[in-house]
2 protein chains.
Amino acid sequence: MSHTLGIRQAQKQKTRQAFLDAALALLEEQSLSSLGLREVTRAVGVAPTAFYRHFRSTADLGVALVDEALGSLHPMVRTTVSTAGGSEERIARAIELIARHVDTHPAHVRFIARERHGGVQPVREAIRAQLVRFAEEVKAELAKDPEAAGWNDDDLLMLAHLYVDQMLITASLFLEALEAPAQDRERVTQVATRQLRLITVGRSHWLDQAGRAATDT
Amino acid sequence: MSHTLGIRQAQKQKTRQAFLDAALALLEEQSLSSLGLREVTRAVGVAPTAFYRHFRSTADLGVALVDEALGSLHPMVRTTVSTAGGSEERIARAIELIARHVDTHPAHVRFIARERHGGVQPVREAIRAQLVRFAEEVKAELAKDPEAAGWNDDDLLMLAHLYVDQMLITASLFLEALEAPAQDRERVTQVATRQLRLITVGRSHWLDQAGRAATDT
DNA sequence: TCATCCAGTTAACAACTGTTCTCTGGAATT
DNA sequence: AATTCCAGAGAACAGTTGTTAACTGGATGA
(Lines give C-alpha, C1' and ligand atoms only; values in the text may rest on other atoms or scores of the structure.)
Protein backbone atom coordinates (compact mmCIF):
# COMPACT_ATOMS: atom_id res chain seq x y z
CA MET A 1 0.00 0.00 0.00
CA SER A 2 2.67 2.55 0.99
CA HIS A 3 6.36 2.19 0.13
CA THR A 4 8.48 4.05 2.70
CA LEU A 5 7.13 7.54 1.85
CA GLY A 6 9.41 9.89 -0.13
CA ILE A 7 11.87 12.09 1.71
CA ARG A 8 9.71 15.06 0.87
CA GLN A 9 6.45 13.81 2.41
CA ALA A 10 8.46 12.51 5.34
CA GLN A 11 9.79 15.99 6.10
CA LYS A 12 6.31 17.42 5.82
CA GLN A 13 4.88 14.96 8.30
CA LYS A 14 7.79 15.67 10.60
CA THR A 15 7.09 19.41 10.72
CA ARG A 16 3.38 18.70 10.98
CA GLN A 17 4.08 16.64 14.07
CA ALA A 18 6.27 19.47 15.37
CA PHE A 19 3.23 21.76 15.03
CA LEU A 20 1.05 19.36 16.99
CA ASP A 21 3.65 18.94 19.72
CA ALA A 22 4.30 22.65 20.05
CA ALA A 23 0.60 23.46 20.14
CA LEU A 24 -0.07 20.81 22.77
CA ALA A 25 2.66 22.28 24.95
CA LEU A 26 1.33 25.82 24.56
CA LEU A 27 -2.19 24.63 25.39
CA GLU A 28 -1.21 23.59 28.87
CA GLU A 29 -1.61 27.17 29.99
CA GLN A 30 -4.36 28.47 27.71
CA SER A 31 -7.34 27.45 25.62
CA LEU A 32 -7.38 26.71 21.94
CA SER A 33 -9.49 29.76 21.18
CA SER A 34 -6.64 31.98 22.36
CA LEU A 35 -3.88 30.03 20.64
CA GLY A 36 -2.28 32.19 17.99
CA LEU A 37 -1.02 30.92 14.68
CA ARG A 38 2.20 32.89 14.99
CA GLU A 39 2.64 31.67 18.53
CA VAL A 40 2.79 28.10 17.28
CA THR A 41 5.11 28.77 14.36
CA ARG A 42 7.44 30.67 16.67
CA ALA A 43 7.58 27.68 19.01
CA VAL A 44 8.28 25.34 16.11
CA GLY A 45 10.90 27.63 14.62
CA VAL A 46 9.41 28.22 11.19
CA ALA A 47 7.92 31.18 9.36
CA PRO A 48 4.29 32.07 10.14
CA THR A 49 3.21 31.31 6.60
CA ALA A 50 4.45 27.73 6.86
CA PHE A 51 1.45 27.05 9.07
CA TYR A 52 -0.92 27.18 6.11
CA ARG A 53 0.89 24.31 4.41
CA HIS A 54 -0.50 22.04 7.12
CA PHE A 55 -3.65 23.57 8.59
CA ARG A 56 -6.33 26.00 7.50
CA SER A 57 -6.62 27.46 10.99
CA THR A 58 -5.88 26.76 14.62
CA ALA A 59 -9.31 25.14 14.85
CA ASP A 60 -8.19 22.71 12.18
CA LEU A 61 -5.07 21.97 14.18
CA GLY A 62 -7.28 21.37 17.20
CA VAL A 63 -9.30 18.74 15.37
CA ALA A 64 -6.07 17.00 14.41
CA LEU A 65 -5.07 17.03 18.07
CA VAL A 66 -8.36 15.40 19.03
CA ASP A 67 -7.63 12.53 16.68
CA GLU A 68 -4.12 12.18 18.04
CA ALA A 69 -5.32 12.23 21.65
CA LEU A 70 -8.32 9.91 21.36
CA GLY A 71 -7.96 8.05 18.09
CA SER A 72 -5.47 5.48 19.31
CA LEU A 73 -7.29 4.93 22.59
CA HIS A 74 -10.16 2.80 21.31
CA PRO A 75 -8.43 -0.59 21.38
CA MET A 76 -7.21 0.10 24.93
CA VAL A 77 -10.71 0.88 26.18
CA ARG A 78 -12.20 -2.11 24.37
CA THR A 79 -9.83 -4.62 25.91
CA THR A 80 -10.01 -3.03 29.37
CA VAL A 81 -13.79 -3.29 29.48
CA SER A 82 -13.94 -6.74 27.94
CA THR A 83 -11.24 -8.62 29.85
CA ALA A 84 -12.53 -11.29 32.16
CA GLY A 85 -12.36 -11.31 35.94
CA GLY A 86 -14.56 -10.24 38.83
CA SER A 87 -16.07 -6.77 38.68
CA GLU A 88 -13.78 -5.65 41.48
CA GLU A 89 -10.68 -6.61 39.51
CA ARG A 90 -12.02 -4.96 36.38
CA ILE A 91 -12.64 -1.73 38.24
CA ALA A 92 -9.12 -1.75 39.64
CA ARG A 93 -7.69 -2.44 36.20
CA ALA A 94 -9.69 0.36 34.56
CA ILE A 95 -8.60 2.92 37.12
CA GLU A 96 -5.02 1.73 36.92
CA LEU A 97 -5.19 2.22 33.16
CA ILE A 98 -6.52 5.75 33.52
CA ALA A 99 -3.90 6.70 36.10
CA ARG A 100 -1.14 5.37 33.87
CA HIS A 101 -2.46 7.14 30.80
CA VAL A 102 -2.67 10.46 32.63
CA ASP A 103 0.91 9.96 33.78
CA THR A 104 2.22 9.25 30.30
CA HIS A 105 0.04 11.68 28.32
CA PRO A 106 -0.94 14.51 30.66
CA ALA A 107 -1.06 17.17 27.95
CA HIS A 108 -3.40 15.11 25.81
CA VAL A 109 -5.77 14.51 28.70
CA ARG A 110 -5.71 18.16 29.67
CA PHE A 111 -6.44 19.18 26.09
CA ILE A 112 -9.50 16.93 25.85
CA ALA A 113 -10.91 17.98 29.21
CA ARG A 114 -10.36 21.63 28.35
CA GLU A 115 -11.71 21.66 24.81
CA ARG A 116 -14.64 19.30 25.36
CA HIS A 117 -16.69 22.32 26.35
CA GLY A 118 -14.23 24.86 24.92
CA GLY A 119 -14.80 27.82 22.66
CA VAL A 120 -14.08 26.17 19.32
CA GLN A 121 -17.08 24.44 17.83
CA PRO A 122 -15.41 22.05 15.34
CA VAL A 123 -13.16 20.76 18.11
CA ARG A 124 -16.07 20.26 20.50
CA GLU A 125 -17.85 18.31 17.80
CA ALA A 126 -14.79 16.15 17.08
CA ILE A 127 -14.46 15.28 20.77
CA ARG A 128 -18.16 14.57 21.06
CA ALA A 129 -17.99 12.21 18.08
CA GLN A 130 -15.08 10.33 19.64
CA LEU A 131 -16.86 10.02 22.99
CA VAL A 132 -19.98 8.70 21.27
CA ARG A 133 -17.76 6.09 19.61
CA PHE A 134 -16.31 5.14 22.99
CA ALA A 135 -19.79 4.81 24.47
CA GLU A 136 -20.91 2.59 21.60
CA GLU A 137 -17.85 0.40 21.98
CA VAL A 138 -18.32 0.10 25.72
CA LYS A 139 -21.97 -0.73 25.14
CA ALA A 140 -20.98 -3.49 22.70
CA GLU A 141 -18.65 -4.99 25.29
CA LEU A 142 -21.20 -4.68 28.08
CA ALA A 143 -23.74 -6.49 25.90
CA LYS A 144 -21.49 -9.54 25.81
CA ASP A 145 -21.47 -9.77 29.59
CA PRO A 146 -23.87 -12.31 31.14
CA GLU A 147 -25.01 -9.55 33.52
CA ALA A 148 -26.51 -7.73 30.55
CA ALA A 149 -29.25 -10.32 30.16
CA GLY A 150 -32.65 -8.67 30.20
CA TRP A 151 -31.25 -5.20 29.48
CA ASN A 152 -32.64 -3.20 26.58
CA ASP A 153 -30.44 -1.25 24.19
CA ASP A 154 -31.31 2.19 25.55
CA ASP A 155 -30.39 1.26 29.08
CA LEU A 156 -27.14 -0.34 27.98
CA LEU A 157 -26.18 2.80 26.10
CA MET A 158 -27.05 5.07 29.01
CA LEU A 159 -24.89 2.89 31.26
CA ALA A 160 -22.06 3.04 28.74
CA HIS A 161 -22.26 6.83 28.67
CA LEU A 162 -22.20 6.88 32.45
CA TYR A 163 -19.00 4.83 32.41
CA VAL A 164 -17.39 7.03 29.76
CA ASP A 165 -18.21 10.24 31.60
CA GLN A 166 -16.96 8.73 34.81
CA MET A 167 -13.66 7.84 33.13
CA LEU A 168 -13.24 11.45 32.00
CA ILE A 169 -14.00 12.77 35.46
CA THR A 170 -11.49 10.38 36.96
CA ALA A 171 -8.84 11.29 34.40
CA SER A 172 -9.35 14.95 35.16
CA LEU A 173 -9.01 14.28 38.89
CA PHE A 174 -5.74 12.42 38.35
CA LEU A 175 -4.57 15.33 36.23
CA GLU A 176 -5.24 17.82 39.02
CA ALA A 177 -3.31 15.59 41.40
CA LEU A 178 -0.38 15.07 39.01
CA GLU A 179 2.13 17.14 40.93
CA ALA A 180 0.52 16.57 44.29
CA PRO A 181 1.92 14.27 47.00
CA ALA A 182 1.32 10.54 46.62
CA GLN A 183 -1.24 10.66 49.39
CA ASP A 184 -3.55 12.83 47.29
CA ARG A 185 -3.18 10.56 44.29
CA GLU A 186 -4.16 7.56 46.39
CA ARG A 187 -7.17 9.43 47.63
CA VAL A 188 -8.28 10.01 44.03
CA THR A 189 -7.83 6.31 43.31
CA GLN A 190 -9.91 5.44 46.34
CA VAL A 191 -12.79 7.80 45.55
CA ALA A 192 -12.84 6.84 41.86
CA THR A 193 -12.83 3.15 42.77
CA ARG A 194 -15.78 3.53 45.09
CA GLN A 195 -17.76 5.60 42.60
CA LEU A 196 -17.23 2.98 39.94
CA ARG A 197 -18.13 0.33 42.48
CA LEU A 198 -21.38 2.10 43.33
CA ILE A 199 -22.32 2.30 39.68
CA THR A 200 -21.59 -1.40 39.34
CA VAL A 201 -23.81 -2.17 42.34
CA GLY A 202 -26.59 -0.13 40.75
CA ARG A 203 -26.05 -2.05 37.54
CA SER A 204 -26.40 -5.44 39.19
CA HIS A 205 -29.69 -4.44 40.87
CA TRP A 206 -31.03 -2.47 37.92
CA LEU A 207 -33.62 -4.98 36.85
CA ASP A 208 -35.01 -5.30 40.40
CA GLN A 209 -36.76 -1.95 40.01
CA ALA A 210 -37.41 -1.95 36.28
CA GLY A 211 -41.16 -2.13 36.94
CA ARG A 212 -41.20 1.36 38.37
CA ALA A 213 -39.82 2.80 35.14
CA ALA A 214 -42.60 1.40 32.98
CA THR A 215 -44.52 4.69 32.92
CA ASP A 216 -41.99 7.04 31.32
CA THR A 217 -41.52 7.12 27.54
CA MET B 1 -26.16 47.99 57.40
CA SER B 2 -26.56 49.69 54.02
CA HIS B 3 -28.67 52.79 53.44
CA THR B 4 -29.73 52.89 49.77
CA LEU B 5 -26.17 53.30 48.43
CA GLY B 6 -25.15 56.75 47.13
CA ILE B 7 -25.86 57.64 43.50
CA ARG B 8 -22.16 57.34 42.81
CA GLN B 9 -21.65 53.78 44.06
CA ALA B 10 -24.90 52.84 42.37
CA GLN B 11 -23.64 53.95 38.98
CA LYS B 12 -20.41 52.06 39.56
CA GLN B 13 -22.21 48.83 40.34
CA LYS B 14 -24.39 49.37 37.30
CA THR B 15 -21.45 49.58 34.91
CA ARG B 16 -19.78 46.71 36.72
CA GLN B 17 -22.85 44.61 36.02
CA ALA B 18 -22.74 45.80 32.40
CA PHE B 19 -19.19 44.44 32.22
CA LEU B 20 -20.30 41.08 33.58
CA ASP B 21 -23.25 40.87 31.19
CA ALA B 22 -21.21 41.87 28.15
CA ALA B 23 -18.44 39.42 29.02
CA LEU B 24 -20.90 36.59 29.54
CA ALA B 25 -22.41 37.26 26.13
CA LEU B 26 -19.00 37.35 24.44
CA LEU B 27 -18.02 34.11 26.18
CA GLU B 28 -20.72 32.14 24.42
CA GLU B 29 -18.44 31.83 21.42
CA GLN B 30 -14.97 31.79 22.96
CA SER B 31 -13.03 30.97 26.11
CA LEU B 32 -12.07 33.35 28.85
CA SER B 33 -8.38 33.07 28.01
CA SER B 34 -9.05 34.67 24.64
CA LEU B 35 -11.38 37.35 25.93
CA GLY B 36 -9.80 40.76 25.41
CA LEU B 37 -10.15 43.65 27.76
CA ARG B 38 -10.87 46.05 24.90
CA GLU B 39 -13.38 43.64 23.48
CA VAL B 40 -15.43 43.89 26.64
CA THR B 41 -15.22 47.66 27.01
CA ARG B 42 -16.23 48.03 23.37
CA ALA B 43 -19.32 45.89 23.99
CA VAL B 44 -20.22 47.89 27.08
CA GLY B 45 -19.64 51.20 25.33
CA VAL B 46 -16.97 52.69 27.58
CA ALA B 47 -13.31 53.55 27.22
CA PRO B 48 -10.81 50.67 27.56
CA THR B 49 -9.26 52.20 30.65
CA ALA B 50 -12.58 52.19 32.48
CA PHE B 51 -12.12 48.45 32.82
CA TYR B 52 -9.40 48.93 35.44
CA ARG B 53 -11.79 50.74 37.75
CA HIS B 54 -13.59 47.43 38.27
CA PHE B 55 -11.21 44.55 37.57
CA ARG B 56 -7.47 43.97 37.58
CA SER B 57 -7.66 41.65 34.59
CA THR B 58 -10.05 39.49 32.61
CA ALA B 59 -9.16 36.62 34.95
CA ASP B 60 -10.44 38.75 37.79
CA LEU B 61 -13.66 39.36 35.88
CA GLY B 62 -13.93 35.61 35.37
CA VAL B 63 -13.78 34.94 39.08
CA ALA B 64 -16.57 37.47 39.59
CA LEU B 65 -18.61 35.63 36.97
CA VAL B 66 -18.12 32.36 38.83
CA ASP B 67 -19.61 33.90 41.95
CA GLU B 68 -22.52 35.30 39.99
CA ALA B 69 -23.20 31.98 38.27
CA LEU B 70 -22.86 29.64 41.25
CA GLY B 71 -23.06 31.78 44.35
CA SER B 72 -26.83 32.11 44.41
CA LEU B 73 -27.41 28.47 43.53
CA HIS B 74 -26.62 26.94 46.90
CA PRO B 75 -30.04 27.37 48.53
CA MET B 76 -31.71 25.89 45.44
CA VAL B 77 -29.55 22.79 45.54
CA ARG B 78 -29.99 22.39 49.27
CA THR B 79 -33.78 22.42 49.15
CA THR B 80 -33.95 20.23 46.05
CA VAL B 81 -31.87 17.50 47.64
CA SER B 82 -33.54 17.74 51.01
CA THR B 83 -37.22 17.92 50.12
CA ALA B 84 -39.23 14.88 51.09
CA GLY B 85 -40.85 12.36 48.79
CA GLY B 86 -39.94 9.06 47.16
CA SER B 87 -36.57 8.83 45.43
CA GLU B 88 -38.31 8.71 42.06
CA GLU B 89 -40.06 12.02 42.68
CA ARG B 90 -36.89 13.59 43.96
CA ILE B 91 -35.01 12.55 40.84
CA ALA B 92 -37.70 14.01 38.62
CA ARG B 93 -37.69 17.24 40.59
CA ALA B 94 -33.89 17.57 40.45
CA ILE B 95 -33.79 17.08 36.70
CA GLU B 96 -36.69 19.45 36.23
CA LEU B 97 -34.76 22.02 38.22
CA ILE B 98 -31.66 21.59 36.09
CA ALA B 99 -33.61 21.80 32.83
CA ARG B 100 -35.32 24.98 33.99
CA HIS B 101 -32.09 26.55 35.15
CA VAL B 102 -30.38 25.84 31.82
CA ASP B 103 -33.36 27.42 30.05
CA THR B 104 -33.25 30.58 32.12
CA HIS B 105 -29.46 30.95 32.49
CA PRO B 106 -27.84 29.22 29.52
CA ALA B 107 -24.86 31.56 29.35
CA HIS B 108 -24.01 31.01 33.01
CA VAL B 109 -24.14 27.24 32.61
CA ARG B 110 -22.02 27.37 29.48
CA PHE B 111 -19.48 29.55 31.21
CA ILE B 112 -19.09 27.16 34.14
CA ALA B 113 -18.84 24.07 31.93
CA ARG B 114 -16.31 25.80 29.71
CA GLU B 115 -14.07 27.33 32.34
CA ARG B 116 -14.15 24.45 34.82
CA HIS B 117 -11.20 22.97 32.94
CA GLY B 118 -10.37 26.17 31.05
CA GLY B 119 -7.09 27.95 30.58
CA VAL B 120 -7.33 30.44 33.46
CA GLN B 121 -6.12 29.04 36.74
CA PRO B 122 -7.79 31.42 39.24
CA VAL B 123 -11.15 30.78 37.56
CA ARG B 124 -10.67 27.02 37.63
CA GLU B 125 -9.88 27.26 41.30
CA ALA B 126 -12.93 29.42 42.03
CA ILE B 127 -15.20 26.92 40.29
CA ARG B 128 -13.58 24.01 42.07
CA ALA B 129 -14.11 25.71 45.43
CA GLN B 130 -17.79 26.24 44.65
CA LEU B 131 -18.26 22.63 43.55
CA VAL B 132 -16.60 21.41 46.73
CA ARG B 133 -19.08 23.53 48.67
CA PHE B 134 -21.97 22.01 46.71
CA ALA B 135 -20.68 18.52 47.44
CA GLU B 136 -20.38 19.27 51.14
CA GLU B 137 -23.91 20.65 51.24
CA VAL B 138 -25.31 17.68 49.36
CA LYS B 139 -23.45 15.41 51.74
CA ALA B 140 -24.97 17.21 54.72
CA GLU B 141 -28.46 16.71 53.27
CA LEU B 142 -27.81 13.08 52.41
CA ALA B 143 -26.66 12.46 55.95
CA LYS B 144 -30.11 13.44 57.23
CA ASP B 145 -31.78 10.79 55.12
CA PRO B 146 -32.68 7.52 56.89
CA GLU B 147 -31.04 5.66 54.01
CA ALA B 148 -27.69 7.07 55.11
CA ALA B 149 -27.67 4.91 58.23
CA GLY B 150 -24.48 2.87 58.41
CA TRP B 151 -22.64 5.06 55.90
CA ASN B 152 -19.29 6.52 56.83
CA ASP B 153 -18.31 10.10 56.02
CA ASP B 154 -15.95 9.27 53.16
CA ASP B 155 -18.56 7.27 51.32
CA LEU B 156 -21.20 9.95 51.80
CA LEU B 157 -18.85 12.56 50.37
CA MET B 158 -17.92 10.40 47.40
CA LEU B 159 -21.63 9.89 46.70
CA ALA B 160 -22.24 13.62 47.00
CA HIS B 161 -19.46 14.31 44.48
CA LEU B 162 -20.97 11.74 42.17
CA TYR B 163 -24.29 13.56 42.34
CA VAL B 164 -22.70 16.96 41.77
CA ASP B 165 -20.71 15.78 38.76
CA GLN B 166 -23.80 14.11 37.38
CA MET B 167 -25.73 17.37 37.68
CA LEU B 168 -23.06 19.18 35.70
CA ILE B 169 -23.06 16.53 33.00
CA THR B 170 -26.82 16.74 32.77
CA ALA B 171 -26.78 20.52 32.63
CA SER B 172 -24.24 20.39 29.85
CA LEU B 173 -26.39 17.92 27.91
CA PHE B 174 -29.44 20.17 28.24
CA LEU B 175 -27.30 23.04 27.03
CA GLU B 176 -26.28 21.17 23.89
CA ALA B 177 -29.93 20.37 23.23
CA LEU B 178 -31.09 23.94 23.87
CA GLU B 179 -31.94 24.77 20.27
CA ALA B 180 -32.70 21.21 19.29
CA PRO B 181 -36.21 19.82 18.69
CA ALA B 182 -38.27 18.90 21.75
CA GLN B 183 -37.74 15.23 21.02
CA ASP B 184 -34.01 15.55 21.70
CA ARG B 185 -34.63 17.43 24.93
CA GLU B 186 -36.94 14.68 26.13
CA ARG B 187 -34.29 12.12 25.29
CA VAL B 188 -31.82 13.98 27.49
CA THR B 189 -34.36 14.02 30.32
CA GLN B 190 -34.89 10.31 29.92
CA VAL B 191 -31.21 9.36 29.91
CA ALA B 192 -30.39 11.67 32.80
CA THR B 193 -33.30 10.29 34.80
CA ARG B 194 -32.16 6.72 34.32
CA GLN B 195 -28.56 7.52 35.16
CA LEU B 196 -29.63 9.16 38.40
CA ARG B 197 -31.95 6.24 39.05
CA LEU B 198 -29.09 3.78 38.58
CA ILE B 199 -26.92 5.71 41.01
CA THR B 200 -29.79 5.68 43.50
CA VAL B 201 -30.16 1.92 43.10
CA GLY B 202 -26.46 1.54 43.74
CA ARG B 203 -26.82 3.72 46.79
CA SER B 204 -29.61 1.63 48.29
CA HIS B 205 -27.61 -1.59 47.90
CA TRP B 206 -24.26 -0.06 48.84
CA LEU B 207 -24.00 -1.63 52.25
CA ASP B 208 -24.78 -5.10 50.88
CA GLN B 209 -21.28 -5.39 49.47
CA ALA B 210 -19.38 -3.28 51.99
CA GLY B 211 -17.50 -6.38 53.17
CA ARG B 212 -15.68 -6.69 49.88
CA ALA B 213 -14.19 -3.23 50.28
CA ALA B 214 -12.57 -3.98 53.62
CA THR B 215 -9.15 -4.65 52.06
CA ASP B 216 -8.37 -1.28 50.46
CA THR B 217 -7.09 1.63 52.49
C1' DT C 1 -19.65 76.86 49.61
C1' DC C 2 -15.42 74.89 48.73
C1' DA C 3 -12.02 71.24 48.54
C1' DT C 4 -11.64 66.36 47.76
C1' DC C 5 -12.61 62.21 45.55
C1' DC C 6 -12.97 59.05 41.77
C1' DA C 7 -15.59 56.76 37.57
C1' DG C 8 -14.81 57.39 33.14
C1' DT C 9 -12.15 59.88 29.05
C1' DT C 10 -8.52 60.90 25.81
C1' DA C 11 -4.19 60.09 23.60
C1' DA C 12 -0.33 57.61 22.78
C1' DC C 13 3.06 53.50 23.13
C1' DA C 14 5.27 49.36 21.43
C1' DA C 15 4.06 44.88 20.44
C1' DC C 16 1.34 41.74 18.53
C1' DT C 17 -2.18 39.45 15.34
C1' DG C 18 -3.95 36.73 10.67
C1' DT C 19 -3.44 36.96 5.82
C1' DT C 20 -1.75 38.25 1.12
C1' DC C 21 1.69 37.94 -2.47
C1' DT C 22 6.11 36.87 -4.25
C1' DC C 23 10.15 34.24 -4.15
C1' DT C 24 13.52 30.16 -3.51
C1' DG C 25 15.81 25.81 -3.61
C1' DG C 26 15.72 21.10 -3.35
C1' DA C 27 12.81 16.89 -4.22
C1' DA C 28 9.95 14.57 -7.65
C1' DT C 29 8.73 13.53 -12.21
C1' DT C 30 9.46 13.03 -17.07
C1' DA D 1 19.13 16.35 -18.03
C1' DA D 2 15.35 19.30 -18.12
C1' DT D 3 11.04 20.39 -16.09
C1' DT D 4 7.56 20.66 -12.68
C1' DC D 5 6.25 20.78 -7.99
C1' DC D 6 5.76 22.52 -3.37
C1' DA D 7 7.35 23.21 1.79
C1' DG D 8 9.00 26.94 3.71
C1' DA D 9 10.96 31.97 3.72
C1' DG D 10 10.49 36.88 3.45
C1' DA D 11 8.27 41.25 3.46
C1' DA D 12 4.51 43.98 3.96
C1' DC D 13 -0.63 45.08 5.16
C1' DA D 14 -4.15 46.98 8.19
C1' DG D 15 -5.94 46.00 12.78
C1' DT D 16 -5.66 44.63 17.06
C1' DT D 17 -3.91 44.18 21.82
C1' DG D 18 -2.73 45.66 27.18
C1' DT D 19 -1.01 49.45 29.78
C1' DT D 20 0.72 54.17 30.92
C1' DA D 21 -0.18 58.92 31.96
C1' DA D 22 -2.58 63.05 32.43
C1' DC D 23 -7.29 64.90 32.13
C1' DT D 24 -12.40 66.15 33.26
C1' DG D 25 -16.63 66.87 35.68
C1' DG D 26 -20.10 65.55 38.66
C1' DA D 27 -20.96 63.41 43.28
C1' DT D 28 -19.34 63.61 48.11
C1' DG D 29 -18.21 65.34 52.67
C1' DA D 30 -16.31 69.33 55.63
Side-chain angles (χ1 to χ4, degrees), chain A residues 1-23 25-27 29-65 115 118-123, chain B residues 1-23 25-27 29-65 115 118-123:
Chain A
M1 195 172 174
S2 65
H3 47 89
T4 47
L5 211 58
I7 139 170
R8 196 157 163 171
Q9 298 257 338
Q11 251 303 335
K12 181 168 184 181
Q13 285 214 349
K14 200 172 164 186
T15 37
R16 187 191 134 100
Q17 188 59 47
F19 274 122
L20 293 176
D21 294 347
L26 290 167
L27 285 172
E29 291 169 341
Q30 62 182 312
S31 311
L32 183 62
S33 80
S34 66
L35 183 70
L37 171 162
R38 294 181 102 105
E39 203 179 350
V40 184
T41 58
R42 198 184 310 129
V44 173
V46 296
T49 48
F51 184 89
Y52 293 105
R53 300 287 177 196
H54 301 270
F55 310 99
R56 285 177 212 273
S57 60
T58 52
D60 197 19
L61 189 162
V63 172
L65 274 177
E115 300 305 329
V120 184
Q121 203 231 13
V123 172
Chain B
M1 195 174 176
S2 65
H3 46 90
T4 47
L5 210 60
I7 143 167
R8 197 156 163 170
Q9 298 256 336
Q11 251 304 332
K12 179 166 185 182
Q13 285 214 348
K14 201 173 164 186
T15 38
R16 187 191 134 100
Q17 188 60 46
F19 274 123
L20 293 176
D21 293 347
L26 290 166
L27 286 172
E29 291 169 342
Q30 62 182 310
S31 311
L32 182 63
S33 80
S34 65
L35 183 70
L37 170 161
R38 294 181 101 105
E39 203 178 348
V40 184
T41 58
R42 198 184 311 131
V44 172
V46 296
T49 48
F51 185 88
Y52 293 106
R53 299 287 176 199
H54 301 271
F55 309 100
R56 284 178 212 274
S57 61
T58 51
D60 198 19
L61 189 161
V63 172
L65 274 177
E115 300 305 329
V120 183
Q121 204 231 13
V123 172

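Every chain is numbered from 1, with letters handed out A, B, ... down the list of sequences.
Looking only at side-chain heavy atoms (C-beta outward), A/K12 and A/H54 come within less than 4.5 Å of each other. Proximity of A/L27 to A/L65: side-chain heavy atoms (C-beta onward) are separated by under 4.5 Å at one or more points. Residues B/L61 and B/L37 have side chains not in contact (no heavy-atom distance under 4.5 Å, counting atoms from C-beta outward). Considering only heavy atoms from C-beta on, A/Q9 stays 4.5 Å or farther from A/K14 through its side chain. Between B/V46 and B/F51 there is no side-chain heavy-atom pair separated by less than 4.5 Å. Between A/F55 and A/V40, the closest side-chain pair of non-hydrogen atoms is not below 4.5 Å.
Within a heavy-atom distance below 4.0 Å of DNA chain D, the residues of residues 42-50 of chain B found are B/R42, B/T49.
Taking atom CZ of B/F51 as the reference point, atom C1' of C/dT9 lies 17 Å away to the nearest angstrom. A/L37 places its CG atom 18 Å from the P atom of D/dT16, with the value rounded to the nearest Å. Atom C1' of nucleotide C/dT17 and atom CG of B/L35 are separated by 16 Å, given to the nearest angstrom. For the pair B/Q11 CD and D/dG26 C1', the interatomic distance rounds to 11 Å; values are reported in whole Å. Rounded to whole Å, atom P of C/dT9 lies 13 Å from atom CZ of B/R38. Rounding to whole angstrom units, CD of residue A/Q13 and P of C/dA27 are separated by 18 Å. In this structure, the NZ atom of B/K14 is 13 Å from the P atom of D/dA27, given to the nearest Å. Going from atom CD of A/Q30 over to atom P of C/dT17 covers 10 Å, rounded to whole Å.
The line from CZ of A/R16 to CG of A/L20 is 5.5 Å long, rounded to the nearest 0.5 Å. For the atom pair B/T58 OG1 and B/R38 CZ, the distance stands at 14.0 Å (nearest 0.5 Å). Separating the CG atom in B/D21 from the CG atom in B/L26 is a distance of 11.0 Å, to the nearest 0.5 Å. A distance of 7.0 Å separates OG of B/S34 from CD of B/E39, quoted to the nearest 0.5 Å.
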Legend entry - Watson-Crick or G-U pairs under 3.5 Å in DNA chain D, rendered as dot-bracket with [ ] for crossing pairs and | for another strand: ||||||||||||.||||.||||||||||||
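Put simply, A/T15 has no side-chain N or O that comes within less than 4.0 Å of OP1 or OP2 on D/dA7.
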What protein N or O atoms touch nucleotides 28-30 of chain C N or O atoms at under 3.5 angstrom, if any, and at what distances?
unit_1: C/dA28; atom_1: OP1; unit_2: A/I7; atom_2: N; d: 3.0
unit_1: C/dA28; atom_1: OP1; unit_2: A/R8; atom_2: N; d: 3.1

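Among the atoms of the strands shown, base atoms are found under 4.0 Å from some heavy atom of B/Y52.
Here the side chain of B/S31 pairs no donor or acceptor atom with the backbone of A/G118 at under 3.5 angstrom.
Counting atom types as modelled, B/R53 pairs no side-chain N or O with a base atom of C/dT9 as donor and acceptor under 3.5 Å.
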